[in-house]
There are 2 protein chains.
Amino acid sequence: MSRTPPHPTREQIELPMVLDCLSDPIRLAIVYQLAQQQGVSSELCCGDFNALGGKSNLAYHFAKLRESGLMQTRVAGTNRFMRLRREDLDARFPGLLDAVVKSAAKDADRLQLLSECEAPAAG
Amino acid sequence: MSRTPPHPTREQIELPMVLDCLSDPIRLAIVYQLAQQQGVSSELCCGDFNALGGKSNLAYHFAKLRESGLMQTRVAGTNRFMRLRREDLDARFPGLLDAVVKSAAKDADRLQLLSECEAPAAG
DNA sequence: CCCCATGTTCAATGTTTATTGAACTATCAA
DNA sequence: TTGATAGTTCAATAAACATTGAACATGGGG
């Protein structure tokens with residue numbers, strides 16, 4: 001369990017699998033949340049997504065996102081840190097991830113993308 | 001049966017439904033083929049997709065594409081003419097359709113996008 | 001060491017999905 | 001009318017999917 005799980009190489013990333021991943025509301029929310037993180041730490045751990053569902057259900061979606069090549073998982077102690085594979089995605093499917101994330105942002109309330117503002121922030 | 005089937009309005013088009021539609025290889029091929037047609041006649045009829053599957057299976061996929069808002073069906077005699085709802089899609093999700101079609105084009109052989117050049121393949 | 005927190009894996013569930021063929025509807029042409 | 005053409009709808013089936021909870025593995029801190 002401490003080993004890094006398998007990831008597809010850049011060239012192995014398949015368009016239908018990526019689109020299928022992004023078509024699920026929970027997975028789209030995960031990707032969206034990771035995209036918001038770009039430039040900040042660029043990484044989030046599983047627990048940061050707990051608002052989106054139960055642990056085992058999330059693990060299921062994480063696996064799909066990993067297998068599709070959308071995100072990468074790094075194991076550190078008892079935590080798994082995930083980041084978007086933006087470089088690989090952009091190289092493979094230019095403009096796609098950007099268009100999806102922007103489209104999701106436009107519909108942020110229609111979709112239930114609770115990006116970083118799930119707790120009522122003071123100040 | 002002669003009535004035009006129902007289509008969602010532009011605002012009713014939902015991102016997850018669109019992505020889900022595009023994640024199916026047959027539907028992606030249909031959309032790709034329609035996209036190639038942009039600027040030509042911009043319309044194709046059901047029979048033009050016969051290489052992609054059986055009639056009833058295609059009708060099923062056509063319905064999904066229509067319900068998702070990706071394409072529009074126009075009834076003319078015994079024919080149904082379809083076209084991409086590119087304006088609506090571009091207004092709703094800027095850059096998305098373009099990125100998907102270009103990504104599909106890049107993988108045209110990996111995916112089985114027999115755009116306009118398909119010979120009757122021997123089993 | 002033992003316990004707890006973090007996450008994964010497994011088995012079971014009910015739902016959705018893609019696919020097939022047969023039956024059906026509608027239009028056109030002779 | 002009859003028949004051919006173009007597509008849809010229906011019923012059935014098998015596969016895939018999302019979701020749940022329980023069991024499991026791993027690492028950190030007392």
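In what follows, every chain begins at residue 1, and chains take the letters A, B, ... in the order their sequences are listed. All heavy atoms count here, side chains included; hydrogens, waters and symmetry mates do not.
Distance, B/K55 NZ to D/dG7 P: 7 Å, rounded to whole Å. To the nearest angstrom, P of C/dA5 lies 17 Å from CG of A/D48. Separating the CZ atom of B/F62 from the P atom of D/dT8 is a distance of 7 Å, rounded to the nearest angstrom. For the pair A/R66 CZ and C/dG7 P, the interatomic distance rounds to 14 Å; values are reported in whole Å. A/N50 has its CG atom 16 Å from the C1' atom of D/dT20, to the nearest Å. In this entry the distance linking CG of A/L19 with P of D/dC17 reads 14 Å, nearest Å. The nearest whole Å value for the distance from the CG atom in A/L65 to the C1' atom in C/dT8 is 15 Å. As rounded to whole Å, 19 Å separates atom C1' of D/dT19 from atom CZ of A/F49.
Using a cut-off of 4.0 Å between Lys/Arg side-chain N and Asp/Glu carboxylate O, B/R86 and B/D98 are scored as salt-bridged.
OP1 and OP2 of D/dG27 both lie 4.0 Å or more from every side-chain N or O belonging to A/N79. OP1 or OP2 of D/dT19 lies within a sub-4.0 Å distance of a side-chain N or O belonging to A/H61. For the OP1/OP2 pair of C/dA18 and a distance below 4.0 Å, the side-chain nitrogens and oxygens of B/K64 include at least one atom meeting the criterion.
Nearer to the 5' terminus of DNA chain D, by closest-nucleotide assignment, is the contact made by A/L58 (compared with the other of A/L58 and A/T78).
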message = Set out, in order, the CA-CA distance, both residues' side-chain angles and the distance that settles salt bridge (charged side-chain N to carboxylate O under 4.0 Å, His left out) for B/E43 and B/R80, then state yes or no.
response = CA-CA 10 Å; B/E43 283 186 322; B/R80 276 114 187 104; over 6 Å; no
query = Would B/R83 and B/L44 satisfy side-chain contact (heavy atoms from CB on, under 4.5 Å), going step by step from the backbone distance to the final call?
reply = CA-CA 7 Å; B/R83 53 167 253 268; B/L44 288 174; over 6 Å; no
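Residue contacts shown for B/N57 include a base, since a base heavy atom lies under 4.0 Å away. Backbone-only contact: A/G47 has heavy atoms under 4.0 Å from sugar-phosphate atoms and none from a base.
Of the listed residues (B/M71, B/M17, B/R27), just one forms a side chain to side chain contact (heavy atoms under 4.5 Å, CB included) with B/K64, and that residue is B/R27.
Closest to the B/R80 side chain, of the nucleotides C/dA18, D/dG7, C/dG7, is D/dG7.
Two residues are said to be in side-chain contact when any heavy atoms from C-beta on lie closer than 4.5 Å; B/H61 and B/D24 meet this criterion.
Listed by residue number, B/D24, B/I26, B/R27 are the residues of residues 21-28 of chain B with a heavy-atom contact under 4.0 Å to DNA chain C.
On a pure distance criterion of 3.5 Å, a polar donor-acceptor pair joins the side chain of B/S56 and the base of C/dG21.
Here CG of B/L65 is found 13.0 Å from CD of B/Q72. Values are rounded to the nearest 0.5 Å.
Proximity of a side-chain donor or acceptor of B/K106 to a complementary backbone N or O of A/R92 within less than 3.5 Å is detected.
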